[in-house]
Amino acid sequence: MGPHLLSRWPAWVFRVAPGWWRKGHSCALLRTWCVPGVTTGQTKWPHSSWGVWGTSLLAHRGCSSVSSRPAEVMLTQERYPVQRLPFAVVSDEDLAAFERILPGRVITSSEELEAVNVDWLRTVRGCSRVLLKPQTTEEVSQILRYCHDRKLAVTPQGGNTSMVGGSVPVFDEIILSTSLLNQVVSFHGVSGVLVCQAGCILEDLSQYVEDRDFVMPLDLGAKGSCHIGGNVATNAGGLRVLRYGSLHGTVLGLEVVLADGSILDCLSSLRKDNTGYDLKQLFIGSEGTLGVITAVSILCPPKPKAVNVAFLGCPGFTEVLRTFSSCKGKLGEVLSAFEFMDAGCMRLVQQHLHLSCPVRESPFYVLVETSGSNMEHDEAKLAAFLEDALDSGLVTDGTVATDQRKMKTLWALRERITEALSRDGYVYKYDISLPVEQLYDLVVDLRARLGPSAKTVVGYGHLGDGNLHLNVTSEAFSPGLLGALEPYVYEWTAGQRGSVSAEHGLGFRKRDVLGYSKPPSAIQLMRGLKALLDPKGILNPYKMLPSQA
Ligand SMILES: O=C(O)CC[C@@H](O)C(=O)O
Ligand SMILES: [Zn+2]
C-alpha cells in the first residue's frame, strides 16, 4: 500500500498501514492500538481460572474412589441417560499389573484424577480411578493387551480440549494419557516432514518447525494445550484449513496401537503411496475409537516470508460473502485465512476479556490473512483488494497489521471468542458445515426462536471453509433451552444437507446426532469397522457412534 492510498482514505479507515511498523513510523499509530486492556496473550485451553457453572452436588453413583468437592460438574451418568456397558472394573491386581508396566506412572490420587475426569468446558465428568502415563509405544501396546484380555475400557486422552466430551471417561474407564509421549522423532529440512510422538503439544511443534523455517499445517485456539495425536484423532480443523487443507491431506503416516495391543506401523513419510487401502485415513477423525495414535508423520509447509492480517468491519452478512468472493479473486494464492465474527462476539471479547475493537462498531467483522513470499507483492494485492472493498461499500472500516505482535492482537479477537463465551455462562455449542450462502441464516432464525430465554446467540467461524460456530449461552444449564435448540438445530442443518459436526467431532455429547449427516448404511459400515478393529468395544466407549437402543 502506498502513501497515495493512505491519503485517499479518511484517517479512521486505516489506522495502521501495512509496513508502517516495519518502517519505524509506528509511535503515533501504536498509541491508537495500545489502549489499556488489549492483551496479546495466546489462548491456552483449558484455562484454570474459568468459572464453574451448571452444577449441583450429587452423589457419586458407583464412583466412591473419587472425592466429592463443592461445585463439582454434574456426573455424565447423572445428567445424561447412559448405561454402563459390561466392562470389568479396575481391581487392585490390575493396578499392580499397570505398575509393573509403567513404574511410577500409574496415577490414582484424587486431585490428579479430578482434572482428567472433567472436560475443559466443564459439561461432562467421568469417575475413572486410574490415569496411566506411558512413554513409549511398547508401553501403550502392553497396557492395551492387558486391558483387552481383562475387558477393561480405556479412554485415550491428549490435551483434553475436546468440545464434545470426547476425551474424558463417561463412567470409570481407564484414562490413557499421551502427555509423556512427547518427543520429536525427526524433521527433514528439505521435505518438511515432521515425525513426532502423539503427545507433543501443537504450540511446541509450531515453535520447533518455525525455528527451522517451516510451519505446522494446522493452527487452533487450543494450541497451547492440545496434543498432535488428539488433533489427528479428531481431524481437528482450525485456522489454516483454507490454506493447507485438512489433516486427511497433510498427515503422511501414523503409528497406531490397536485395541488388542498390536502395533500398526503406517508411519510413512512418503507423499505418494498407492499400495493398498490407505489405512491411516481410518484413524484420522476416529476419535480414539479404533486405535490409539502413538506417532504422527506430518507434512509442514515452508514458513511464509510475508504475512499480513486485515481486520475489517462489514455492514451485513451479504457484504461478508461478497468480501470473501472478492478476496478469493483478488488475493488468489496468498489468501491464507478468512474468518468472520458477528457483533455479539465482539461484545463478548470486550466484556469478558477486555479486548478492544480496533475498528468502528459494525454488524460483522472479518479477519483476512495473507501469507506469501514477497511483501511488496502481497501488500500491493491487499491494497487493491481493500481499495475496491471500501469503494464498493463491502467494508466500512478496517485496520491492517504486518508486525507479529499486532497480528497476534488482531487474531486474539477471533481466537479468544471461545474463552469469552465460557465466561458468559453455560454454553451450548454447535459446529456446523453449511453452504456458505446460508451460513448465518440459522443464527438469525435462532435469535427469533429463542427470544429472551437465551442470554447470547452468536455466530462466527471459518467462513472460508463453510464452517459456522453457533454458540448460545444461558446463566446456567437449562433443559428447556436445550429442548428449544435440539433437535431444531440438527434438523435445520440436515435440511440444508450440512454437517452437524464440521471439525469438533461427535465425542460423547454429539454421538446421537450422527444420523442427521450420515445415512443408516454408512453408520452400519462404521459399526462394522469398529467391531472388526475393537471387537470388545474397549476403546473410548460411548463416543462417536450412536448409542444402540
Ligand atoms: O468454541 C467454539 O464453538 C469454536 C472453537 C474453535 O473451533 C474456533 O474456531 O474458535
Ligand atoms: Zn473452529
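Remember, it's a predicted structure, so these values are computed and weren't measured experimentally. Residue numbers count from 1 along this sequence. One-based numbering, in listed order, for ligands and for the atoms of each.
Coordination check, D431 versus the Zn ion (ligand 2): failed, since every N/O/S atom of the residue sits at 2.8 Å or beyond. Counting backbone and side-chain atoms alike, H462 contributes an N/O/S atom closer than 2.8 Å to the Zn ion (ligand 2).
Short contacts between ligand 1 and H504, defined as distances under 4.0 Å to a heavy atom of the residue, involve ligand atoms 2 (C), 3 (O), 4 (C), 5 (C), 6 (C), 7 (O). Residue contact check: N471 has heavy atoms under 4.0 Å from atoms 3 (O) of ligand 1. Using a 4.0 Å cut-off to heavy atoms of H462, the atoms of ligand 1 that qualify are 9 (O). Close approach to T418 involves these atoms of ligand 1, each under 4.0 Å from a residue heavy atom: 1 (O), 2 (C), 4 (C), 5 (C), 10 (O). Less than 4.0 angstrom separates some heavy atom of E503 from each of these atoms of ligand 1: 7 (O), 9 (O).
In E503, the N, O or S atom that comes nearest to the Zn ion (ligand 2) is OE2. Take the N/O/S atoms of H469: the one nearest the Zn ion (ligand 2) is NE2.
With respect to D465 and R243, no salt bridge is recorded, no charged nitrogen being found less than 4.0 Å from a carboxylate O. No salt bridge links R414 with E369; every basic N to acidic carboxylate O contact stays at or beyond 4.0 Å. Using a 4.0 Å cut-off between charged side-chain N and carboxylate O, D445 and R447 make no salt bridge. One finds no salt bridge joining K510 and E287 here, because no Lys/Arg side-chain nitrogen approaches an Asp/Glu carboxylate oxygen to under 4.0 Å. Using a 4.0 Å cut-off between a side-chain N of Lys or Arg and a carboxylate O of Asp or Glu, R416 and E419 qualify as a salt bridge.
A ring-centre distance under 6.0 Å is not found for F340 and F324. Aromatic pair Y428/Y426: centroids less than 6.0 angstrom apart. Y365 has its ring centre no less than 6.0 Å from the ring centre of Y460.
For R414, the closest heavy-atom approach to ligand 1 falls below 4.0 Å. Within the structure, the closest approach of Y430 to ligand 1 does not fall below 4.0 Å when heavy atoms are considered.
Here's the thing with E415: none of its N/O atoms is less than 3.5 angstrom from an N/O atom of ligand 1.
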